[in-house]
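Notes follow once the structure below has been shown.
Values reported hereafter were calculated over all heavy atoms of this structure, with side chains retained and with hydrogens, waters and symmetry mates removed. Just so you know, ligand 1 is whichever comes first in the structure, and atom 1 is the first atom listed for that ligand.
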Amino acid sequence: MIPAGELYLLKRSELRESHTLKVARKDGAYSALESILEEKRDPAEVTLVVKNSGLRGRGGAGFPTGLKWTFMPDPEKDTRRRYLAVNADESEPGTCKDRVLMRDDPHCLIEGCLIAAYAMRLEAVYIYVRGEYRLPYDRLQAAIDEARAANLIGDNILGKGFSCEIHMHKGAGAYICGEETGLMESLEGKRGHPRPKPPFPAGFGLWGQPTTVNNVESIFNVPFIINRGADWFRSMGTEASPGNFLCGISGHVRRPGVYEVPLGINAKTILDEYAGGVWKGRSLKAWIPGGSSTGLLPAELIDTPMDHDSIKGTGSMFGTGAMIILDETACTVRASKVIARFYDHESCGQCSQCREGTQWLSEIFSRIEDGHGTMQDIDNLERLSRNMAPGKTICALADAAAIPTLAVIKHFREELEAHVKQGCCPIKTRQESEVLA
Ligand SMILES: Cc1cc2nc3c(=O)[nH]c(=O)nc-3n(C[C@H](O)[C@H](O)[C@H](O)COP(=O)(O)O)c2cc1C
Ligand code: SF4
């Protein structure tokens, strides 16, 4: 086992009843908020600490959190109401980290929301939670109620003149509502159709007011950064991607789970040392670094550091840092079919490239997997994907379907061609003949 380094994101969750205010307070919850209020710190200076920490958003794009906060207009000049929307929709296949944070340490998320609200000088936070996350939702709601009763949420918090409300909203099972503008539409009570950008949320967000959208894990990091400083945060991870992150690892591994690791840790180390290696003594065939939209990589690339720049160097993306492992018996065409079907199902249908493209990708992968595909189908998959992405549609869902398609063609073209040539799935056939032998 490699030295785990300092754990902070999951540390409190090791305590019994860590989700309650009593336990969390005893463990230091709300101390960062208290110090800010006590010292009457300048909100711009609080934002600067987050900016200097180099924290990058954990929702998928890796955009610097502190920098995003500075996009909010100056409240002296723009007197509209302003909001923070916390993205807890977590629906990208493979991703399950925010669920753990909300379930086991909801008060840390609340504290992060309040500090973000103070820094951006806003009075209301909306947390949009994936509908299926019943326990995390209930725990977070109970924590909000407890915090409100303790004068940590609401008017004149702790008697220090700062006021902030936090509201919860339950999603209804649509992946597209995790896209930040789809999320805002949904919060407004409308169908979760992403909005064309610009205008960006900081200028025209919820109900047309300035809004910042941040992922749960991004906000969760904030109290630690305020308490311990930007230099402490930068002492972990890499220069361009500081801090720890929560790696959810699933698929063909011995110990699937959510592990706290420093950014820049080798993907092979996460697989072998944390997740116990590929299950059943089998070897690795392929892996996904950051959720289904980041696509399959071949086993040879498992020695890659898990940080934004290194994963980008493989042609993929760090995404949400959610690794999915496929062992030697897996069929990459079947895996691609499952992924394509998901994006086809979740497309909102506004953009023709996405609406039609995702359906075609799903149909073609199914056809190839069933053994009825042609070589032309493989070329069509590539042509379609290039016409869908990048940046050709209102939101990045089309990219999320195109990127894995291009990745499987790049790294596993032989397996696609073998399906066409043999008129069946060669892997399934090999397994069946081994069973019969
Ligand atoms: C189709 C789609 C689905 C998304 N789903 C999520 C999600 O479930 N959770 C999330 O935090 N970000 C999701 N995102 C990214 C958000 O649009 C946004 O970038 C993110 O919430 C910003 O937070 P961050 O800067 O803290 O990472 C999604 C993006 C797309 C295009
Ligand atoms: S890219 Fe797809 S999901 Fe996104 S707005 Fe267009 S049709 Fe909807």
Side-chain angles (χ1 to χ4, degrees), residues 50-51 55-69 71 84-99 101-102 109 112-113 116 126-133 171 173-187 191-197 200-202 205 211-222 241 243 245-246 248 290-294 308 317-322 342-359 361 387-403:
V50 177
K51 195 174 163 194
L55 171 67
R56 296 177 70 158
R58 305 292 198 241
F63 193 83
T65 304
L67 180 63
K68 190 186 268 190
W69 292 6
F71 296 160
L84 168 68
V86 177
N87 195 338
D89 196 45
E90 192 161 75
S91 307
E92 168 92 353
T95 310
C96 51
K97 64 198 178 62
D98 298 338
R99 167 175 170 263
L101 296 176
M102 289 185 284
L109 176 62
C113 291
Y126 289 84
I127 308 179
Y128 190 105
V129 186
R130 176 183 173 140
E132 293 90 337
Y133 280 1
Y175 169 70
I176 197 57
C177 291
E179 195 279 338
E180 58 185 14
T181 58
L183 181 148
M184 293 190 296
E185 288 286 299
S186 175
L187 262 176
R191 194 177 284 188
H193 277 181
R195 302 173 182 167
K197 290 170 273 226
F200 293 98
T211 303
T212 294
V213 184
N214 273 135
N215 170 260
V216 166
E217 189 184 340
S218 313
I219 293 294
F220 198 91
N221 270 281
V222 169
S241 301
F245 76 103
L246 291 189
S292 59
S293 62
T294 60
H308 299 84
M317 287 181 313
F318 179 78
T320 53
F342 173 78
Y343 290 110
D344 174 28
H345 187 262
E346 299 300 326
S347 168
C348 83
Q350 287 188 96
C351 318
S352 49
Q353 298 98 313
C354 177
R355 184 184 60 242
E356 304 299 320
T358 50
Q359 186 177 353
L361 296 184
N387 283 330
M388 289 165 71
K392 293 181 174 147
T393 47
I394 293 176
C395 87
L397 188 141
D399 304 39
I403 289 165

Which of the atoms of ligand 2 are close to [X], meaning less than 4.0 Å from one of its heavy atoms?
{"X": "I176", "result": "3 (S)"}
{"X": "S347", "result": "2 (Fe), 7 (S)"}
{"X": "T393", "result": "1 (S)"}
{"X": "L397", "result": "3 (S)"}

Does ligand 1 have any atom sitting under 4.0 Å from a heavy atom of V213?
yes
Are any of the heavy atoms in S91 under 4.0 Å away from ligand 1?
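Yes, S91 has heavy atoms under 4.0 Å from ligand 1.
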What do you reckon, does [X] have a nitrogen or oxygen under 3.5 Å from a nitrogen or oxygen of ligand 1?
{"X": "Y175", "answer": "no"}
{"X": "D98", "answer": "no"}
{"X": "C395", "answer": "no"}
{"X": "T65", "answer": "no"}
{"X": "E92", "answer": "no"}

State whether the side chain of [X] and the backbone N or O of [Y] hold a donor-acceptor pair below 3.5 Å, judged by distance alone.
{"X": "Q353", "Y": "A398", "value": "no"}
{"X": "E217", "Y": "F245", "value": "no"}
{"X": "N87", "Y": "G178", "value": "yes"}
{"X": "T211", "Y": "L84", "value": "no"}
{"X": "T181", "Y": "R195", "value": "yes"}

In the structure I gave you, are the side-chain heavy atoms of [X] and [Y] within less than 4.5 Å of one another anywhere?
{"X": "N221", "Y": "R58", "answer": "yes"}
{"X": "I219", "Y": "L109", "answer": "yes"}
{"X": "P194", "Y": "I176", "answer": "yes"}

Using heavy atoms and a threshold below 4.0 Å, how should the contact between E90 and ligand 1 be classified: side chain, backbone, both, or neither?
backbone
With heavy atoms and a 4.0 Å threshold, my read on which part of T358 contacts ligand 2 is neither
Tell me which protein heavy atom sits closest to [atom], plus the residue, atom name and distance to 0.1 Å.
{"atom": "atom 22 (C) of ligand 1", "answer": "K68 NZ, 3.4 Å"}
{"atom": "atom 21 (O) of ligand 1", "answer": "N87 ND2, 3.0 Å"}
{"atom": "atom 11 (O) of ligand 1", "answer": "N215 ND2, 2.8 Å"}
{"atom": "atom 15 (C) of ligand 1", "answer": "G59 O, 3.8 Å"}
{"atom": "atom 6 (C) of ligand 1", "answer": "G178 O, 3.3 Å"}

Quick check: does C348 have an N/O/S atom under 2.8 Å of atom 8 (Fe) of ligand 2?
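Within the cut-off used here (under 2.8 Å), C348 does place an N, O or S atom near atom 8 (Fe) of ligand 2.
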When N215 is tested against each of E90, K97, E180 for side chain to side chain donor-acceptor pair (under 3.5 Å), which residue passes?
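That would be K97; it is the only one of E90, K97, E180 passing the side chain to side chain donor-acceptor pair (under 3.5 Å) with N215.
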Rounded distance (nearest 0.5 Å) linking atom OG of S347 with atom CD of E356
9.0 Å
Hey, could you give me the CG/CG distance between L101 and L246, rounded to the nearest 0.5 Å?
5.0 Å
My understanding is that we take every heavy atom of each candidate and find the minimum distance to atom 7 (S) of ligand 2. Doing that for A400, A396, C351, S352, which one comes out nearest?
C351
Under 2.8 Å from atom 4 (Fe) of ligand 2, is there an N/O/S atom belonging to C354?
no
Is the shortest distance from a Lys or Arg side-chain nitrogen in E179 or K197 to a carboxylate oxygen in the other one below 4.0 Å?
yes
